Amino acid sequence: QVQLVESGGGLVQAGGSLRLSCAASGGTFSIYTMGWFRQSPGKEREFVARINRTGDNSAYAESVKGRFTISRDNAKNTAYLQMNSLRPEDTAVYYCAAGGFPMSTSRHVAYWGRGTQVTVSS
């Protein structure tokens, strides 16, 4: 059983940056594709970004491409999401996910974190 704990969320002004972290425990981190999803009130959870096991293949939702960067450190069992040029529409609870490739949808997710709130003020 893999446990995922997110951190790094908070309140930021539009145009600002945040870096989310996802610490994994209880399993072999390096065998999982890691991803980030988000959910805002009244909307379904949506894919944001994912990175493969070795960290050399990543993919992004069109809405965040060029602004967000996903990375991982297998030695630290941690995945990251660097978020730049934040917009009010990025406001959501961000969830870390671990599962299989390609993780373009939640169907590929085996484990979820509890989420961290990101609020972007205008």
Side-chain angles (χ1 to χ4, degrees):
Q1 186 79 6
V2 175
Q3 292 82 44
L4 304 174
V5 179
E6 303 96 335
S7 61
L11 173 64
V12 64
Q13 288 188 331
S17 298
L18 283 174
R19 187 174 86 150
L20 305 183
S21 298
C22 172
S25 62
T28 305
F29 179 76
S30 61
I31 70 172
Y32 294 103
T33 293
M34 297 299 297
W36 291 91
F37 290 72
R38 67 186 182 186
Q39 188 169 20
S40 51
K43 294 186 177 181
E44 292 187 355
R45 193 171 297 188
E46 64 175 1
F47 168 77
V48 175
R50 61 95 176 132
I51 189 166
N52 70 338
R53 296 179 297 168
T54 53
D56 58 358
N57 185 304
S58 58
Y60 299 89
E62 283 298 321
S63 58
V64 306
K65 199 172 290 186
R67 300 187 297 122
F68 290 12
T69 303
I70 189 171
S71 61
R72 67 189 296 160
D73 185 336
N74 286 347
K76 295 182 178 180
N77 291 351
T78 303
Y80 305 95
L81 185 68
Q82 178 67 43
M83 305 186 294
N84 298 329
S85 302
L86 282 161
R87 305 167 179 167
E89 54 264 39
D90 294 318
T91 296
V93 177
Y94 283 70
Y95 296 91
C96 179
F101 191 83
M103 198 182 280
S104 54
T105 72
S106 59
R107 186 172 62 235
H108 302 124
V109 176
Y111 302 100
W112 291 101
R114 293 190 173 186
T116 185
Q117 176 71 47
V118 171
T119 303
V120 185
S121 64
S122 57

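No experiment lies behind these values; they were computed from the predicted model shown.
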Can you check whether [X] reaches [Y] side chain to side chain, under 4.5 Å on heavy atoms?
X	Y	result
Tyr95	Arg45	yes
Trp36	Glu6	yes
Val109	Met103	yes
Pro102	Arg50	yes

To the nearest 0.5 Å, what is the distance between [atom1] on [X] and [atom2] on [Y]?
X	Y	atom1	atom2	result
Gln117	Ser40	CD	OG	9.5 Å
Gln1	Tyr111	CD	OH	5.0 Å
Ser122	Arg87	OG	CZ	14.0 Å
Thr54	Asn74	OG1	CG	8.0 Å
Asn77	Thr28	CG	OG1	8.5 Å

Quiz item: Do side-chain atoms of Thr91 reach the backbone of Val120 as a donor and acceptor pair under 3.5 angstrom?
Solution: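 Looks like yes, one N/O pair under 3.5 Å.
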Check for me, please, whether [X] and [Y] land in the same ILVMFWY cluster - side-chain distances under 4.5 Å, paths through other members count.
X	Y	result
Ile31	Leu4	yes
Val93	Trp112	yes
Val118	Met34	yes
Phe68	Phe47	no
Phe37	Tyr32	no

What is the minimum heavy-atom distance between [X] and [Y], and which atoms define it?
X	Y	result
Ser17	Ser85	OG-N, 4.3 Å
Ala24	Val2	CB-CG1, 4.5 Å
Leu18	Gly8	CD2-O, 3.8 Å
Phe29	Ala79	CZ-N, 3.9 Å
Thr78	Ala23	OG1-CA, 4.2 Å

Quiz item: Can you check side chain to side chain contact (heavy atoms under 4.5 Å, CB included) on Ser30 and Arg53, steps first, answer last?
Solution: CA-CA 6 Å; Ser30 61; Arg53 296 179 297 168; 5.9 Å; no
Quiz item: Do the charged groups of Arg38 and Glu46 touch, with an N to O distance under 4.0 Å?
Solution: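 Yes.
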Exercise. Run through Ile70, Val48, Leu81 and flag the one making a side-chain contact (heavy atoms from CB on, under 4.5 Å) with Leu20.
Key: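 Running side-chain contact (heavy atoms from CB on, under 4.5 Å) over Ile70, Val48, Leu81 with Leu20 returns exactly one hit, Leu81.
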Practice problem: Go through the steps for Val64 and Met83 under the test side chain to side chain contact (heavy atoms under 4.5 Å, CB included), then give the verdict. | Solution: CA-CA 9 Å; Val64 306; Met83 305 186 294; over 6 Å; no
